[in-house]
Amino acid sequence: MRSIAAVNDFVVRFANVNGTGSASANNMFVKAIFRMGLPFSAKNIFPSNIQGLPTWYEVRISEKGYLGRRDDIDLMVCVNPQSLPQDVKSVRSGGYFVYDSTKILHPEFVREDITYIGIPMMEICLREYTDPRQRQLFKNMIYVGALSMLLDMDFEVFKGIIADEFKKKEKLIAPNINAMELGRNYVKEHYEYPLGLRMESRDLVGDSIVMDGNSACGLGAVYGGATVAAWYPITPSTSLVNAFEKYANRLRIDKETGKKKFAVVQAEDELAAIGVAIGANWNGSRAFTATSGPGVSLMNEFLGLAYFAEIPVVLTDVQRSGPSTGMPTRTQQSDITLAAYASHGDTKHILIFPANPKECFELQALSFDLADRLQTPIIVMIDLDLGMNEHLSPPLTWDDNRKYDLGKVYDAEDLDRLAQYGRYLDSDGDGITYRTIPGTHPTKGSFFTRGTSRDEYARYTEDGAAYVRNMNRLLKKWDTAKETVPQPELYQEGNLHKEGIIFFGTTTYSALEALDLLKEQGVEMDAMRLISFPFSKKVEEFVAAHERIYVIEQNRDAQMRSLLINELEVDPKKLVRILNFDGMPITAANISGQIMERKLKD
Amino acid sequence: MRSIAAVNDFVVRFANVNGTGSASANNMFVKAIFRMGLPFSAKNIFPSNIQGLPTWYEVRISEKGYLGRRDDIDLMVCVNPQSLPQDVKSVRSGGYFVYDSTKILHPEFVREDITYIGIPMMEICLREYTDPRQRQLFKNMIYVGALSMLLDMDFEVFKGIIADEFKKKEKLIAPNINAMELGRNYVKEHYEYPLGLRMESRDLVGDSIVMDGNSACGLGAVYGGATVAAWYPITPSTSLVNAFEKYANRLRIDKETGKKKFAVVQAEDELAAIGVAIGANWNGSRAFTATSGPGVSLMNEFLGLAYFAEIPVVLTDVQRSGPSTGMPTRTQQSDITLAAYASHGDTKHILIFPANPKECFELQALSFDLADRLQTPIIVMIDLDLGMNEHLSPPLTWDDNRKYDLGKVYDAEDLDRLAQYGRYLDSDGDGITYRTIPGTHPTKGSFFTRGTSRDEYARYTEDGAAYVRNMNRLLKKWDTAKETVPQPELYQEGNLHKEGIIFFGTTTYSALEALDLLKEQGVEMDAMRLISFPFSKKVEEFVAAHERIYVIEQNRDAQMRSLLINELEVDPKKLVRILNFDGMPITAANISGQIMERKLKD
Amino acid sequence: MTYVKPSFRHPELPKNDLGFTKKDYEGAISTLCGGCGHDSISGAITQACFEMSIAPHRLAKLSGIGCSSKTPTYFLGNSHGFNSVHGRMPSVATGANLANRDLIYMGVSGDGDTASIGMGQFVHSVRRNLNVVYIVMNNGCYGLTKGQDSATADVGSISKSGVANSFQAIDLTALALELGATFVGRSFSGDREQLIPMIKAAISHHGFALIDVISPCVTFNNNTGSTKSYDYVREHITTADVIDFVPPGEEITMEYAEGTSADLTLHDGSMLQLHKLAPNWDPRDKFAAMQRIHLARVKQEILTGLLYIDPDTEDLHDMLHTVDKPLNALREAELCPGMGALELINQSLR
Amino acid sequence: MTYVKPSFRHPELPKNDLGFTKKDYEGAISTLCGGCGHDSISGAITQACFEMSIAPHRLAKLSGIGCSSKTPTYFLGNSHGFNSVHGRMPSVATGANLANRDLIYMGVSGDGDTASIGMGQFVHSVRRNLNVVYIVMNNGCYGLTKGQDSATADVGSISKSGVANSFQAIDLTALALELGATFVGRSFSGDREQLIPMIKAAISHHGFALIDVISPCVTFNNNTGSTKSYDYVREHITTADVIDFVPPGEEITMEYAEGTSADLTLHDGSMLQLHKLAPNWDPRDKFAAMQRIHLARVKQEILTGLLYIDPDTEDLHDMLHTVDKPLNALREAELCPGMGALELINQSLR
Ligand SMILES: Cc1ncc(C[n+]2csc(CCOP(=O)(O)OP(=O)(O)O)c2C)c(N)n1
Ligand SMILES: Cc1ncc(C[n+]2csc(CCOP(=O)(O)OP(=O)(O)O)c2C)c(N)n1
Ligand code: SF4
Ligand code: SF4
Ligand SMILES: [Mg+2]
Ligand SMILES: [Mg+2]
């Protein structure tokens with residue numbers, strides 16, 4: 001049997017039991033990779049359950065810096081008897097299987113083509129520790145220790161991480177290091193190390209940070225000036241609002257009084273959550289809510305109100321696998337159609353697609369400017385993968401000279417200057433009209449906001465002509481939005497090839513890797529990453545400039561492709577579907593495979 | 001001044017005050033036209049108000065049998081001083097203006113180019129009646145009387161109508177006839193009659209009936225076997241459920257006990273309404289709900305559940321002008337995108353588009369078969385115009401040999417025969433699986449219905465492969481549905497021309513009339529009426545067979561056109577938008593005008 | 001169509017402390033049915049705000065959907081208003097209130113808007129002791145959709161179509177009490193003397209103030225047999241107390257007999273004198289209030305008056321510990337931590 | 001992943017009147033946290049249905065979303081179940097009940113599912129006296145989303161993260177009483193003796209039967225300071241009465257002292273013996289029940305027991321006058337009026 005040999009380029013998967021504190025141990029493993037200067041990607045594959053069911057943690061180390069998922073598992077660390085049968089199967093031929101050898105492995109699980117490394121983790125724990133809780137926790141540190149030995153990882157780095165980790169509980173430092181050593185020593189005594197799989201320190205991560213997208217969005221909302229957050233708990237968006245509150249409690253407390261310069265309301269449901277956000281924005285505060293698919297469905301009526309009454313509001317949709325409750329702990333990009341056209345009647349909404357934590361931070365913050373500028377809902381579309389997994393990301397930056405763009409708002413002086421104020425008068429010809437905030441002026445500028453048809457002076461009307469004028473102005477505003485929203489990212493100067501690929505959000509990592517895979521097979525194409533809907537001239541030009549474009553997305557019905565066809569009036573034949581919707585992040589091999597398959601058909 | 005002269009081909013508009021009982025008088029006028037054997041269309045143009053605001057009633061008489069709206073008003077009957085200024089303006093040159101001359105007309109409202117016919121309605125009432133309520137009611141009969149004289153209508157017909165109307169309150173017959181005579185006599189004494197506008201009896205309506213679409217849908221639900229109706233009041237769908245209850249109370253009472261073979265629940269909101277309908281269908285009853293745009297928005301989450309858990313349910317959307325509260329008493333076809341893709345995740349829903357009361361009856365009834373057969377929501381899409389206005393329609397028919405298609409349901413015997421029951425096993429290969437109804441068998445066939453991902457045996461799973469199998473099976477079911485739903489109507493044998501038009505629902509009347517107008521201008525094209533979404537082979541072929549197709553619809557964003565592009569992968573350039581979205585039913589002149597304009601561009 | 005009134009100034013019109021006349025507190029001409037109870041309530045709101053000298057821009061009107069929810073167009077034309085969606089006024093009001101704690105929020109709803117589709121939001125805005133005046137124009141039916149029974153229609157009440165309602169009525173005052181509302185009153189659109197001071201008290205109250213106003217629908221629910229008709233209400237109404245509202249600063253002129261009256265100081269310094277109280281009945285005793293409501297229900301009486309008040313409570317802002325300055329007045333300097341703080345965060349993420 | 005239990009038959013297992021063993025009433029192995037109160041309630045439901053000899057297919061399970069709403073997978077595996085969407089179980093149950101009045105409907109929900117997102121539907125299913133057993137597995141938090149406070153969390157209760165809740169708790173029993181519920185009980189997941197007969201009584205009750213079961217969340221809300229922890233509940237629990245459930249036919253064996261017990265005959269002929277009653281307290285007296293609940297609240301007691309029952313009431317079907325035969329059993333012949341009737345209708349439309 002030939003065992004796999006690789007340096008800084010392989011996939012390790014941990015099989016744990018949900019709710020046994022394995023997360024922190026696994027995180028240390030990843031932190032160590034990071035501090036050894038190696039690019040990685042880590043995916044939590046967890047059940048919709050609180051305790052007891054199998055959960056996996058998958059880590060890819062990539063010297064080349066590929067941050068997408070890769071399918072085959074080179075090394076499996078199985079600490080969960082319940083999932084052991086499938087875990088054994090999932091190791092690639094030539095791979096390694098690390099397991100708790102306290103109980104001997106049943107013969108039926110012994111494969112000829114992989115290497116087994118048994119570590120009697122429970123046995124060691126029973127010997128070393130008495131407190132059952134300790135036994136569970138340190139068991140995790142033992143396998144991390146063993147791994148560090150097997151994979152030739154820098155133990156000093158681990159010591160540093162443990163020291164940082166327990167800064168506040170110093171007496172936990174030694175025991176944790178000791179637990180790791182138990183694992184390291186067992187390996188020393190019983191196995192040849194390192195394995196064919198090894199890590200070598202490099203300097204490849206520069207000043208990058210490690211952060212999950214939800215935390216970045218939450219922090220972005222703090223920087224973007226959000227003062228009101230209303231939400232209802234739902235996986236995978238819960239941690240976004242939690243992060244906003246955490247950071248706000250740190251950065252938004254009034255020095256003198258200790259009072260809060262923000263308000264977080266846990267609403268009774270999603271209808272109320274967006275209602276609160278709309279009410280606050282209407283009244284001049286920057287407010288937002290965050291949810292996932294089911295919540296967006298419930299927010300439909302309010303989104304239509306905000307579109308038609310032209311009230312700014314920011315909504316972040318952390319997408320999960322639908323429809324309905326679907327697979328609530330799996331990822332997908334499948335709320336696109338709903339978000340783009342949410343609510344009855346003729347409506348269109350602005351969507352923003354961050355692709356990494358840095359963008360989550362920047363675009364979440366920017367969304368408040370966009371909402372105020374365009375006076376309409378801004379829907380930030382991320383997904384479970386970006387929101388809940390930790391990603392290697394460029395550091396966050398903020399220009400201290402930046403001013404919030406509050407959009408077109410008349411203050412008291414403006415109103416005194418005006419002969420007559422018309423809330424829906426398109427005085428600038430860009431489709432965007434001037435609003436006033438309650439409390440501005442005792443006798444001028446007040447108006448009545450409503451979801452019913454009204455004239456330029458916000459007066460109720462059933463006059464068809466006035467209605468049509470207003471609906472057409474909203475289209476004009478839509479055109480203005482196209483060039484106001486963040487522009488797409490192009491990955492080449494000009495267009496070099498006949499074919500192109502379009503992708504967005506978490507599809508980016510694997511799409512870029514796929515370009516390399518294709519190149520290896522002699523296939524080259526141009527690439528564009530969408531960041532916003534509606535699509536700007538740039539997007540239109542890219543599509544026009546290519547004979548065929550592969551649209552890569554993570555849903556069944558090619559929802560983004562439909563938006564491109566509808567809004568750009570493109571011939572569908574030109575846009576090829578490249579899809580993955582099994583709830584796991586799409587891989588580069590999958591993308592390049594589908595593209596090559598399609599090309600063979602030609 | 002040349003006054004308009006026309007026989008059986010003109011438009012009369014009544015300007016009344018909302019809530020003054022003018023409706024019944026105006027209806028008599030229409031009934032008379034009908035009984036004189038003349039085709040007509042009647043539109044109620046009412047405010048979102050209960051009492052006091054202006055309301056209009058527009059009647060078109062068309063010997064040629066055109067049933068769509070026509071714009072210019074030939075004769076205005078103005079009984080509302082509030083709207084008189086705009087009413088005077090709206091009469092076409094050469095037209096007639098009938099008004100209450102009790103007060104003399106202010107000079108500024110006197111036009112040179114129209115004929116004024118003053119009837120001192122209030123004065124006559126004050127003279128003839130003491131009771132104020134009578135004065136108001138009979139005032140309406142007086143102008144109807146006057147009109148009958150001016151337009152040369154058969155008074156005997158009116159007498160018959162009044163006799164029928166007051167069958168149960170006979171002593172009201174004479175006074176009403178008398179009131180009409182007051183009007184007739186005043187005309188006799190003061191004016192030349194008939195006017196240039198006249199009606200002559202014909203035999204052009206055959207065995208047609210006059211009915212509104214909501215009543216027809218309500219009756220269709222009775223015939224379709226609906227036993228549970230859950231709803232929440234909203235204009236313009238309220239009268240649909242009211243009609244179901246009215247007819248059910250007449251036709252669904254158990255002889256012996258006097259008890260009801262149906263249940264109507266006024267729910268607390270639309271979420272509950274569709275929840276009740278879904279619960280009842282899940283438990284083996286045929287149940288439905290009806291609402292309008294705002295309700296559909298609120299039903300999004302439940303629609304996704306019914307799609308994914310595969311529960312039959314029928315929803316009728318009586319569309320009104322959106323977005324948000326919009327113009328609640330105006331018509332539109334603008335919920336199409338929302339209905340087709342309602343809810344988060346990858347979802348698609350079946351839509352049915354009746355075009356007249358006969359179809360409302362038949363298709364509403366058929367929807368229950370479709371829902372049971374396809375185990376998914378069936379959304380019947382009508383609009384305010386079809387739902388609330390009375391339409392000339394072929395008589396309703398029902399085949400007494402017809403059996404309800406309850407779809408794939410296992411009973412106790414089936415289950416005893418089965419080795420193992422799998423709720424989501426595609427045993428027939430058409431994507432449709434077998435369900436069981438609670439209470440069927442003590443130990444076999446029970447399963448757990450859920451909105452989460454599950455395997456073929458309805459067991460919860462987070463396995464991506466099982467999830468994908470299920471989602472692909474739903475697509476297979478979607479393909480099955482294409483040929484299961486009602487097929488489009490073609491208006492020619494084979495394809496005769498290079499161009500074609502596509503229309504649906506209430507757009508039909510004017511689209512067909514527009515074909516004649518175009519022909520007069522030497523332009524001929526093929527026509528197809530869509531009745532269902534998804535689109536079948538037939539639709540695909542029609543689109544493929546033409547170089548250019550004009551898609552006629554009543555919304556801003558060309559929503560049906562988008563469905564055609566998305567689902568049939570058509571080049572958008574081929575499909576030309578013909579739109580009207582001012583809340584009034586689209587006219588033939590508007591359609592042919594837009595088409596000619598477009599052709600001039602070529 | 002909303003008609004804008006010709007608002008020519010009558011110099012002789014009486015002015016309030018701010019120099020505004022009654023006209024400055026009026027709205028567009030009502031398009032409701034003649035005689036609709038809702039119009040009387042609009043009048044009472046106008047009068048109360050005029051007399052309290054509330055600067056029009058210091059008050060915001062919020063409503064859902066319905067004839068009742070249309071009324072904000074017909075009063076306080078110089079105040080911002082928001083006619084939101086059906087049943088969701090409470091959440092919009094919550095957001096507005098969080099954005100600016102300094103304004104007065106006048107929430108107007110109907111029995112359908114609140115007791116049916118809006119029940120969830122109503123319950124939770126009470127729970128949060130949101131600082132709003134919450135007026136329910138209660139006619140026992142859905143006026144705007146032509147008179148269907150609402151959830152506040154009494155069992156046995158006959159609708160215009162002659163059908164008797166068979167479902168339990170929801171008593172919003174009792175419900176609010178059970179949920180911990182801090183100000184609960186009931187009144188009748190036909191009783192301005194009672195309604196105007198009650199509205200003033202509600203405006204002065206710091207926290208959630210519910211006023212359930214029986215407001216007959218003349219078009220759909222004023223028939224004999226209806227328990228929400230003018231006649232029925234007039235015959236069955238009883239009052240728990242009479243309210244004198246004494247603005248901050250002004251002093252109390254009236255004296256009332258011991259045990260039959262109670263004086264309360266409200267958050268904004270105004271005084272409330274409740275008199276003609278039933279013997280040993282204290283509007284601060286929640287359980288006694290519940291008892292009275294239930295007794296009245298048994299006796300088929302419509303009990304009106306200020307039924308319960310807890311004059312000093314914590315509202316949502318107090319519970320969330322938000323700064324005193326309105327959140328919508330905070331700017332970059334106060335909101336954005338800047339690059340410095342961000343650098344530290346980056347550090348912590350390596 | 002749901003594990004199907006190996007259900008090999010133990011011949012010696014006791015059988016009930018229908019010849020079913022306890023196993024026939026069990027479900028899949030629970031995936032809830034070890035020690036979760038919800039599992040005890042599942043056990044009690046299983047036991048009650050086994051002892052009552054309910055044919056598995058004569059009962060349907062309905063729930064919303066949450067750990068609590070997952071439990072129907074873990075009991076009565078031979079009964080149909082519907083795990084619907086969050087907070088909407090009441091409407092789905094209403095539809096199911098309307099379709100077939102002959103089945104027993106076991107609705108299971110959580111405090112989040114009912115008191116937050118589901119409040120509106122809960123209130124209105126009470127109002128319609130829907131004939132369901134409505135069990136709230138009440139742990140004062142959102143278990144499945146990792147322990148946020150729910151609307152039933154008491155003021156001052158400390159969450160696992162150490163924060164004290166500042167919002168009023170919603171007491172579902174008091175709320176249901178105020179709304180006219182006809183069967184209101186409260187129990188504790190740890191008290192099978194009380195819970196099992198209460199569930200039997202609820203099943204036998206004709207109309208809406210609420211059982212609010214305090215059911216600690218061991219993972220997120222069992223910490224000291226939490227008022228929903230096992231320890232706190234055990235320390236503060238009191239019982240209003242003890243229930244003996246006597247199935248139809250069987251006769252009463254126990255005799256209890258005058259004034260401290262009450263015998264009730266339920267709709268299905270079964271008997272209910274309530275004893276150890278507090279002096280002069282009648283569970284049929286709604287207002288007395290409210291009073292007791294409020295007193296207990298003041299004393300910080302968790303009052304359990306059958307708090308109120310009205311044994312003979314009209315349920316939704318009675319109020320709608322539907323036929324006795326289940327609506328889902330009616331076929332064309334009974335439902336479709338046919339062409340004859342249609343011809344008359346056509347006539348009337350000319
Ligand atoms: C989501 C939604 N559902 C239904 C409606 C239709 N609708 C408008 S007003 C109303 C009820 C109003 O009743 P109430 O709140 O009591 O006000 P009232 O007219 O009686 O004053 C309804 C059901 C709507 N506008 N929106
Ligand atoms: C529309 C919607 N919003 C939010 C969620 C997320 N969610 C799942 S369970 C739950 C709360 C459950 O709390 P509870 O009903 O008390 O059940 P428990 O887990 O405590 O037993 C929430 C908010 C959801 N599934 N659907
Ligand atoms: S319908 Fe009723 S509630 Fe509406 S305006 Fe008329 S009287 Fe008032
Ligand atoms: S999280 Fe709490 S409620 Fe959920 S299963 Fe665990 S203990 Fe039970
Ligand atoms: Mg009302
Ligand atoms: Mg809970």
Side-chain angles (χ1 to χ4, degrees), chain A residues 47-48 271 292-294 296-298 300-301 303-305 307-309 317 319 321-330 332 334-335 337-338 341-348 450-453 462 464-465 467-468 471-472 475 555-557 559 562 565-566 569-573 581-584, chain B residues 47-48 271 292-294 296-298 300-301 303-305 307-309 317 319 321-330 332 334-335 337-338 341-348 450-453 462 464-465 467-468 471-472 475 555-557 559 562 565-566 569-573 581-584:
Chain A
S48 175
L271 289 90
S292 189
V296 179
S297 284
L298 289 172
N300 257 255
E301 188 191 20
L303 284 169
L305 172 71
Y307 170 81
F308 194 58
D317 176 9
Q319 299 167 92
S321 298
S324 197
T325 308
M327 293 194 291
T329 59
R330 295 290 180 268
Q332 231 173 39
S334 56
D335 296 344
T337 308
L338 175 66
Y341 302 115
S343 208
H344 57 283
D346 291 298
T347 55
K348 297 167 176 236
R450 46 163 60 90
T452 43
S453 179
E462 290 168 357
Y467 169 86
V468 169
M471 289 299 281
N472 285 330
L475 281 185
N555 58 62
R556 182 193 68 179
D557 295 340
Q559 299 185 16
S562 296
I565 294 168
N566 278 333
E569 303 271 313
V570 193
D571 184 345
K573 310 217 170 21
F581 58 97
D582 64 1
M584 295 294 285
Chain B
S48 175
L271 289 90
S292 190
V296 179
S297 283
L298 289 173
N300 257 255
E301 189 191 18
L303 284 170
L305 173 71
Y307 170 81
F308 194 58
D317 176 9
Q319 299 167 93
S321 298
S324 196
T325 309
M327 294 194 290
T329 59
R330 295 290 182 266
Q332 233 174 36
S334 56
D335 297 344
T337 309
L338 175 66
Y341 302 115
S343 208
H344 58 282
D346 290 299
T347 56
K348 297 167 176 239
R450 45 163 61 90
T452 43
S453 179
E462 290 168 356
Y467 169 85
V468 169
M471 290 298 281
N472 285 330
L475 281 185
N555 59 60
R556 183 193 68 179
D557 295 340
Q559 299 185 15
S562 297
I565 294 167
N566 278 331
E569 303 271 312
V570 194
D571 184 346
K573 308 208 174 22
F581 59 98
D582 65 0
M584 294 294 285

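Order of the sequence lines sets the chain letters (A, B, ...), proteins ahead of strands, with each chain counted from 1. It should be emphasised that the depicted structure is a prediction, and the values quoted were computed from it without experimental measurement.
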Note to self: Between Glu569(A) and chain B, with a heavy-atom cut-off of 4.5 Å, which part of the residue counts as in contact: side chain, backbone, both or neither?
What the structure shows: both

Next item on the list: Kindly say whether Val468(B) contributes a backbone atom to a donor-acceptor pair with the side chain of Asp582(A) at under 3.5 angstrom?
Entry: no

Margin query: At a heavy-atom distance under 4.5 Å, which candidate from Asn472(A), Val296(A), Leu475(A) has the highest pair count against chain B?
Written below: Leu475(A)

Item checked: For chain B, the option from Ser562(A), Pro328(A), Gly322(A), Pro323(A) that forms the most heavy-atom pairs under 4.5 Å -> Pro323(A)

Notebook entry, point to check: Which pair of non-hydrogen atoms, one from Tyr467(B) and one from Phe581(A), has the smallest distance, and what is that distance?
Noted result: CE2-O, 3.0 Å

Next item on the list: Provide the closest heavy-atom pair for Gly345(A) versus Gln559(B) in the form atom of the first, atom of the second, distance.
Entry: O-NE2, 3.7 Å

Notebook entry, point to check: Using a cut-off of under 4.5 Å for heavy-atom pairs, which of Thr337(A), Ile565(A), Leu298(A), Leu303(A) has the most such pairs with chain B?
Noted result: Leu298(A)

Next item on the list: Only counting residues at least two apart or in another chain, list the ones meeting side-chain contact (heavy atoms from CB on, under 4.5 Å) with Ser292(A).
Entry: Ile234(A), Pro236(A), Pro294(A), Asp317(A), Arg320(A)

Note to self: Using a 4.5 angstrom heavy-atom cutoff, name the option from Ser343(A), Ala309(A), Gly583(A) with the most pairs to chain B.
What the structure shows: Ser343(A)

Next item on the list: List for me each residue that meets side-chain contact (heavy atoms from CB on, under 4.5 Å) alongside Ser324(A), sequence neighbours excluded, and say none if there are none.
Entry: Leu305(B), Phe308(B), Val85(D)

Notebook entry, point to check: Okay, side chain of Ser297(B), backbone of His344(A): is any donor-acceptor separation there less than 3.5 Å?
Noted result: yes

Notebook entry, point to check: If you count heavy-atom pairs under 4.5 Å between each of Asp557(A), Leu271(A), Asn555(A) and chain B, which one has the most?
Noted result: Asp557(A)

Check: Side-chain donor-acceptor pair under 3.5 Å between Glu301(B) and Asn300(A), yes or no?
Finding: no

Item checked: Exercise: identify the closest heavy-atom pair between Arg556(A) and Thr347(B) -> NH2-N, 4.4 Å

Notebook entry, point to check: Between Lys573(B), Lys348(B), Gln319(B), which has the largest tally of heavy atom pairs under 4.5 Å with chain A?
Noted result: Lys348(B)

Checklist line | For chain B, the option from Gly304(A), Ala342(A), Ser453(A), Ala465(A) that forms the most heavy-atom pairs under 4.5 Å | finding: Ser453(A)

Checklist line | Under 3.5 Å: donor-acceptor pair, side chain of Ser334(A), backbone of Asp346(B) | finding: no

Next item on the list: Return yes if some donor-acceptor pair links the side-chain N/O of Glu462(B) with the main-chain N/O of Ser48(A) below 3.5 Å, else return no.
Entry: yes

Next item on the list: Identify which part of Met584(A) has an atom lying under 4.5 Å from any heavy atom of chain B, answering side chain, backbone, both or neither.
Entry: neither

